[in-house]
Amino acid sequence: MSVGAVGKTWEPLIGVEEDDLERWDLEVAGYQLDATLSSGQTFRWKRVGGRWEGVIYGRWVRLSQGHGGLEVWTVRSGDKTSGVDWLGRYLRVDEDLDAILAEFPNDPILEEAVGRWRGLRLLRQDPWECLASFILSSTKRIPQIEQVVGLLCERYGERVPAPVSSGPWYAFPTVERIAGLSEEQLRTCKMGFRAPNLLACARRIESGELDLGRVVRMDLEEARIELMKVSGVGPKIADCALLFGFGFERAFPVDVWVARVLRRYYFRGRAVPLPRLRAFVQRHFGEHAGYAQQYLFHHIRHLDSL
DNA sequence: TTCCAGGGTAAGC
DNA sequence: GCTTACCATGGA
């Protein structure tokens with residue numbers, strides 16, 4: 001370690017050097033890191049010269065696509081929680097992706113999406129961070145969501161140890177931290193009319209009215225209803241949070257993009273109402289509907305037609 | 001300038 | 001049950 005361990009009291013090191021990093025390998029075949037981290041399910045990763053950097057569960061991480069899997073860098077820490085099992089869980093490297101993709105329905109557009117993006121995976125994100133981020137996502141483009149979430153972390157999140165060369169990094173703010181802020185303080189992060197919604201959500205969790213740990217154990221319909229009690233959380237945001245943060249693999253968020261591709265490829269371009277689309281996807285896409293949705297979403301965003 | 005963005009809500013048909 | 005105006009903000 002370079003600085004920080006001066007004198008008797010050891011102070012946690014915030015800015016570290018490259019020498020203070022630990023390197024790991026995550027063995028996994030055909031992981032599409034770029035597609036996974038840029039597919040609009042998370043807003044906290046930055047591409048830094050061919051690699052990805054971000055903060056997961058309060059820890060800074062650098063990731064790179066290797067040959068037999070993923071290369072990982074973390075900040076060396078003396079504590080017992082060494083290893084990167086927590087990261088493998090986040091990235092779902094333990095999952096048999098081919099088996100999942102094999103169970104997709106035989107749709108031309110879905111096969112096209114899998115053909116191009118095979119290796120794209122869902123992530124297991126922190127439920128609170130995920131729910132909060134998607135409350136901030138409504139009527140915003142992905143770069144804007146990244147900006148708002150970034151500002152929120154920068155202003156109200158704890159700074160975490162990271163290489164000095166890569167700039168300051170912050171954890172996502174805790175429920176308690178957000179709950180203690182004012183609407184005006186949140187609005188300084190450019191979240192506009194979403195500020196009262198995020199605040200109400202944090203306070204609802206803090207008061208115990210909303211128990212995220214309990215939501216995880218509910219069935220999908222019950223969980224949706226529970227999340228939709230939060231002001232600013234409707235069907236789409238609830239489904240995003242449930243799919244990306246709460247482990248509900250049948251959740252199928254229908255946003256403007258997915259609605260567009262559904263109408264075009266499954267309803268011959270007819271003006272099918274949104275509620276009918278939602279009913280359709282629950283019937284049609286089966287057990288891994290959430291995965292199918294993510295492939296469709298990512299694929300159509302890379303098609304310049306439509 | 002005008003339009004739209006990984007929407008939700010409430011009012012009105 | 002479905003459609004519409006409105007809610008901030010920034011980028012094309």
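The basis for the numbers below is simple: all heavy atoms, side chains too, and nothing from hydrogens, waters or symmetry mates. Just so it is clear: chains get the letters A, B, ... in the order the sequence lines come, proteins before strands, and each one is counted from 1. From a predicted model like this one, the values you see are computed outputs, not experimental measurements.
Side chain of Pro275(A), nearest nucleotide from dC7(C), dC2(C), dG6(B): dC2(C). Among the nucleotides dG6(B), dT9(C), dG7(B), the one closest to any side-chain atom of Thr139(A) is dG7(B). When the nucleotides dA8(C), dC2(C), dG7(B) are ranked by their closest atom to the side chain of Asp255(A), dG7(B) comes out on top.
By the 5.5 angstrom centroid cut-off and the 30-degree plane limit, Phe297(A) is classified as stacked against the base of dG6(B).
Ring centroid separation for the pair Phe134(A) and Phe43(A) comes in under the 6.0 Å cut-off. Aromatic pair His299(A)/Tyr295(A): centroids not less than 6.0 angstrom apart.
Among the heavy atoms of the strands, none lies under 4.0 Å from Val148(A). Among the protein residues, Phe244(A) comes within range of the nucleic acid bases, having at least one heavy atom under 4.0 Å from a base atom. Using a 4.0 Å heavy-atom criterion, one finds that Pro235(A) contacts the sugar-phosphate atoms exclusively.
Under 3.5 Å, the side chains of Glu95(A) and Tyr291(A) contain a donor-acceptor pair of N or O atoms.
Rounded to a whole Å, the CG atom of Leu227(A) is 17 Å from the P atom of dG7(B).
For the pair Lys140(A) and dG6(B), the criterion of a side-chain N or O lying under 4.0 Å from OP1 or OP2 is not met. The side chain of Arg194(A) contributes no N or O atom lying less than 4.0 Å from OP1 or OP2 of dC7(C).
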